[in-house]
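Please read the structure below before turning to the comments.
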Amino acid sequence: MNQSRASPTIAESIPRHPRSAQRMAGEKITSRASDYSQWYLDIVNRAGLAENSSVRGCMVIKPHGYAIWERIHDALDRMFKDTGHVNAYFPLFIPKSYLAKEEQMAEGFAKECAVVTHYRLKSIPGKGVEVDPEAKLEEELIVRPTSETIIWHTYKNWIQSYRDLPLLINQWANVVRWEMRTRLFLRTAEFLWQEGHTAHASKEEGEEETKRMLEVYRTFAEEWMAMPVLCGPKSDGQKFPGAEYTLCIEAMMQDKKALQAGTSHYLGQNFSKAFDVKFQNQQGQQEHPYATSWGVSTRLIGGLIMTHSDDQGLVVPPRLAPIHVVICPMGKELPEREASTKCARELAQQLKNLTREEFFGYEPITVKVDEDFHNSPGFRFNEWELKGVPVRVEIGPKDVAQNACVLARRDIPGKEGKQMGVPLSTAADTIVALLKTIQANLFSKAKAFRDANTHEVNSWDEFTKTLEAPGGFLLAHWDGTRETEDKISELTKATIRCIPYGGDTTPGVCVLTGKPSARRVVFAKSY
RNA sequence: CGGGGCGUGGCGCAGCCUGGUAGCGCGCCUGGUUCGGGACCAGGAGGCCGUAGGUUCAAAUCCUAUCGCCCCGACCA
């Protein structure tokens, strides 16, 4: 059975049983119905996505989790490049005074910044090391919670003329926000993200860019993650500190709570003024450029988990799956094993030979042949389901005898999702078609779930009762004031998630105050 | 930062009240039988019980201090 491995792919190098998430044969993960948060933690743990580190609030993203992030990164990066952006990198450390320059931002982030005060330790024999009091920084550095300030400080030198605009830059980076309570992927003290920072010669261009990038996020969320999202502005109470307004994509998780999955901010001239960035326009006048910033983070992985996964484990939509297809050869005796393994490898090769166009047009199919005969077939099936591989191919002696295989699709667990007697000669094409079907099915299932859990409510009584049960997104009239928004969230823990594009714009009266309301907005409890 | 809980082989826990020198399940290693939905048997390796003091002939167990983590709240992507 041993053979020299032909160029291992990323997928193949993912260990099946990472030491820290060992197999627990027979142990089921907690069901969503019995304890949703424990279910989430079980998925993250058992699928080998991440774990809590020894550093408070910071996670270790494990190979399988990171492989998903790489997929997200690659897809988005292509989309950013396609819309004219380039990548750059700015410092992790930001002089404390920069943060203070934009007042709203200073206020918004002050409470959660990590601060570097010294630049040296000294070694104390027998006691380890301690901070060298002699090595105090003249100006303290904060660890970036977001990079607007350092970037706009830099842009000052980059922008002189309208011909330097638009400036369309993105960076992939880590940021730190010192959160009190953390949850793997959803909220951690350090996380990975991308942040786009653009500068434009006019308000119109800036606003266009803000919308364009929201649309990129919507496309990514819906077409790659198969996660339906509502799009639209945040209320003033929910916008990014320092922004004129914030647009968002907002998704519904399986516990009917909302997850802010991405934001695109129109910053106006707030930062260009704060950092004194000016350009000379075509009329020869000095003007402050108009800015945007937009970002998504490793939080998306949390959203991915909570959108599609089930009580069997992780479910990953094909377009983001690190492994698209796992082929499990089976057999009792050595000759049977050899025969089924041979078929499995041939099928794997056929799949790898497919051109990109035949799949989703950008990447070849990733296939793993699971030749681990040490474990029983049942164990292996469960293991791959736990990891969320979209399609599993089973090839046993019975299949070999008739040149066929069994296909199992992850989005339909159990026997119902199995297709028996698929001829090996056409299996590759069938699998590609199946991957596309799964991608589409996951999206429509998620969308149907969201729609079924979105309710119009017309009175305060209806609002509170519906929020209690069945819960979900509430489409309600709101008088447009910050006070009412705060009051509602204080009373119910529900917040305005989004003022959705394409929503009901018939005027009405506010559910709480009875004052006139221009349109319905979306209320929900959120992560 | 308030309230609660927990630190004992890789993971999950028992033992602590009533001190006597550490045990169980899973995982791991070896051998054998298994193998189409989480197999079984036998043998084996692995822990100075978070850390530092104290009480005692003797401390995982009692006392003090300290560190860390988790859960619940107020804040946030």
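Computed from a predicted structure; not experimentally measured. By convention in this document, chain letters (A, B, ...) are assigned in the order of the sequence lines, proteins followed by strands, and residues within each chain are numbered from 1.
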Review item, nucleotides 43-45 of chain B N/O atoms under 3.5 Å of protein N/O:
none

Nearest-angstrom distance, P atom, B/G2 to B/U66: 14 Å
query: Expressed in angstrom and rounded to an integer, what is the separation of A/Q419 atom CD from B/G36 atom C1'?
result: 17 Å
- request: Indicate yes or no: at least one non-hydrogen side-chain atom of A/L314 is less than 4.5 angstrom from one of A/L386.
  value: no
Verdict with reasoning, A/E483 to A/K487, per salt bridge (charged side-chain N to carboxylate O under 4.0 Å, His left out): CA-CA 6 Å; A/E483 297 74 54; A/K487 187 75 186 167; over 6 Å; no
query: When rounded to the nearest Å, what value does the distance between C1' atoms of B/G73 and B/G50 take?
result: 27 Å
task: For B/C11 and B/C70, measure between their P atoms and round to the nearest Å.
output: 15 Å
- request: Could you check how far CZ of A/R46 sits from P of B/G27, rounded to whole Å?
  value: 11 Å
- prompt: Roughly how many Å is it from CG in A/N45 to P in B/G27, rounded to a whole number?
  reply: 15 Å
query: Would one find a side-chain N or O of A/S376 under 4.0 angstrom from OP1 or OP2 of B/A39?
result: yes
- prompt: So, A/K62 and A/E51, do they make that salt bridge, N to O below 4.0 Å?
  reply: yes
message: Using the rule given for side-chain contact (heavy atoms from CB on, under 4.5 Å), can you reason through A/R71 versus A/V316, listing the C-alpha separation, both sets of side-chain angles and the distance that settles it, and then say yes or no?
response: CA-CA 11 Å; A/R71 294 275 170 162; A/V316 189; over 6 Å; no
- request: Using the P atom on both, measure B/C49 against B/U61 and round to a whole Å.
  value: 9 Å
task: Mind checking side chain to side chain contact (heavy atoms under 4.5 Å, CB included) for A/N174 and listing every partner two or more places apart, or none if nothing turns up?
output: A/Y89, A/L92, A/R144, A/E190, A/L192
message: Any base atoms under 4.0 Å from A/V406, or only sugar-phosphate, or nothing? Heavy atoms, all strands.
response: base
query: Hey, does the side-chain of A/R392 have a donor or acceptor N/O within less than 3.5 Å of a partner on the base of B/G37?
result: yes
query: Rounding to the closest angstrom, what is the interatomic distance between B/A14 and B/C6 at atom C1'?
result: 14 Å
message: Is the distance from the ring center of A/H85 to that of A/W294 below 6.0 Å?
response: yes
- request: Go through A/Y217 and A/W224 one step at a time and tell me if the ring-ring contact (aromatic ring centres under 6.0 Å, His included) criterion holds.
  value: CA-CA 10 Å; A/Y217 289 156; A/W224 269 260; over 10 Å; no
statement: Between NE2 of A/H374 and P of B/U33 the distance, given in whole Å, is 13 Å
Between B/G46 and B/A22 - P atom distance, rounded Å: 14 Å
- line: Atom CZ of A/R380 and atom P of B/C35 are separated, to the nearest Å, by 14 Å
Heavy-atom donor-acceptor pair, A/K418 side-chain to B/G37 base, under 3.5 Å: yes
message: A/T182 vs A/E179, test: side-chain contact (heavy atoms from CB on, under 4.5 Å). Steps then yes/no.
response: CA-CA 6 Å; A/T182 61; A/E179 298 289 349; 4.1 Å; yes
message: Does A/R183 qualify as a cation-pi partner of A/Y40, given the criterion of NZ or CZ under 6.0 Å from the six-membered ring centre and within 45 degrees of its axis?
response: yes
message: Quick check for you: to the nearest 0.5 Å, what is the distance between A/Q171 atom CD and A/W193 atom CH2?
response: 9.0 Å
statement: Out of B/G36, B/G38, B/G37, minimum distance to the side chain of A/D399 belongs to B/G36
Ignoring hydrogens and angles, write down the donor-acceptor pairs under 3.5 Å from the side chains of residues 250-264 of chain A, residues two or more places apart or on other chains.
residue	atom	partner	partner atom	Å
A/E250	OE1	A/K234	NZ	3.0
A/E250	OE2	A/Q260	N	3.4
A/E250	OE2	A/R497	NE	2.7
A/E250	OE2	A/R497	NH2	2.9
A/Q254	OE1	A/R32	NH1	2.5
A/Q254	NE2	A/M306	O	3.2
A/Q254	NE2	A/T307	O	3.4
A/Q254	NE2	A/S309	O	2.8
A/D255	OD1	A/K257	N	3.2
A/D255	OD2	A/Y527	OH	2.5
A/K256	NZ	A/P470	O	3.0
A/Q260	OE1	A/K234	NZ	3.1
A/T263	OG1	A/H265	NE2	3.4
A/S264	OG	A/T210	O	2.7

task: May I have the step-by-step check of salt bridge (charged side-chain N to carboxylate O under 4.0 Å, His left out) for A/R392 and A/E394, ending in yes or no?
output: CA-CA 6 Å; A/R392 183 181 66 249; A/E394 305 168 8; 3.0 Å; yes
message: Once rounded to the nearest 0.5 Å, what's the spacing between atom CG of A/N375 and atom SG of A/C328?
response: 11.0 Å
- request: Measure the distance from CH2 on A/W384 to P on B/G38 and round it to the nearest whole Å.
  value: 18 Å
message: Distance check, C1' atoms only: B/A45 and B/G7, in whole angstrom units.
response: 25 Å
message: Just the rounded figure in Å: distance from C1' of B/G36 to CD of A/Q402.
response: 12 Å
task: Please work out the stems of RNA chain B from pairs that are Watson-Crick or G-U wobble with both distances under 3.5 Å, keeping only runs of three or more consecutive pairs.
output: B:1-7 with B:67-73, B:10-13 with B:23-26, B:28-33 with B:39-44, B:50-54 with B:62-66
- request: Assess whether salt bridge (charged side-chain N to carboxylate O under 4.0 Å, His left out) is satisfied between A/E222 and A/R218, documenting all intermediate values.
  value: CA-CA 6 Å; A/E222 301 201 332; A/R218 187 201 61 76; 2.7 Å; yes
query: Tell me, do A/F240 and A/M105 make a side-chain contact under 4.5 Å, heavy atoms counted?
result: yes
task: Scan residues 304-317 of chain A against RNA chain B and write down, sorted by residue number, each residue with any heavy atom closer than 4.0 Å; if none is found, say none.
output: none
task: State whether A/F373 and A/K332 meet the cation-pi test: NZ (Lys) or CZ (Arg) under 6.0 Å from the six-membered ring centroid, and within 45° of the perpendicular axis.
output: no
Polar pair under 3.5 Å, donor/acceptor by atom type, side chain A/N375, base B/G38: no
message: Suppose you measure atom C1' in B/G68 against the same atom in B/C29; what distance do you get, rounded to whole Å?
response: 33 Å
task: Treat primed atoms plus P, OP1 and OP2 as sugar-phosphate and everything else as base, then score nucleotides 71-77 of chain B 5' to 3': B for base contact with protein heavy atoms under 4.0 Å, S for sugar-phosphate contact only, - for none.
output: -SBBBBB
- prompt: How long is the line joining CG of A/L334 and P of B/C35, in whole Å?
  reply: 15 Å
